[in-house]
Amino acid sequence: MVAQLLLEAANLMFIGMVAVFSFLLLLVFVVQLISKIMQRYFPVKIADKAVRIDAGSNGPSPAVIAAISSAIHQYRKQQ
């Protein structure tokens with residue numbers, strides 16, 4: 001009796017694991033297919049050189065710092 005129940009439990013476990021593995025495998029293939037379709041019909045646009053930010057600058061520009069300082073000064077003046 002116990003052996004029969006264990007055999008049935010193992011059978012159900014095997015069927016469940018095969019079903020989950022099959023679903024995940026199908027999901028991977030569908031995602032790859034959608035990725036290829038999107039890359040073919042909607043390619044990624046490369047930014048122009050003029051639009052790119054200079055990689056050498058590691059901080060905000062002096063104009064941004066001046067604008068933030070001015071805004072802080074005006075805020076503290078109102079308090």
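Listed by chain and number, the hydrophobic cluster partners of Y41 are L26, V30, L33, I34, I37, M38, F42, where partners are ILVMFWY side chains within reach of under 4.5 Å, directly or through others. Cluster partners of I15: none. The rule joins Ile, Leu, Val, Met, Phe, Trp and Tyr whenever side-chain heavy atoms lie under 4.5 Å apart, and it links nothing here. M13 belongs to a hydrophobic cluster with M17, counting contacts under 4.5 Å between side-chain heavy atoms of Ile, Leu, Val, Met, Phe, Trp and Tyr, direct or through other members. If you chain together ILVMFWY residues whose side-chain heavy atoms come under 4.5 Å of each other, F21 ends up grouped with L25, F29.
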Contacts under 3.5 angstrom, residues 63-79 side chains, donor-acceptor by atom type, not counting sequence neighbours:
{"residue": "S69", "atom": "OG", "partner": "I65", "partner atom": "O", "Å": "2.9"}
{"residue": "Y75", "atom": "OH", "partner": "Q79", "partner atom": "NE2", "Å": "3.4"}

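Remark: the backbone N or O of V31 is not paired with any side-chain donor or acceptor of S35 at under 3.5 angstrom.
V44 meets the side-chain contact (heavy atoms from CB on, under 4.5 Å) test with no other residue; sequence neighbours excluded.
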For the pair V20 and L24, evaluate side chain to side chain contact (heavy atoms under 4.5 Å, CB included) and give the outcome as yes or no after the intermediate values.
-> CA-CA 6 Å; V20 168; L24 290 175; 4.1 Å; yes
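Between atom CG of residue L6 and atom CG of residue N11 there is a gap of 12.5 Å, rounded to the nearest 0.5 Å.
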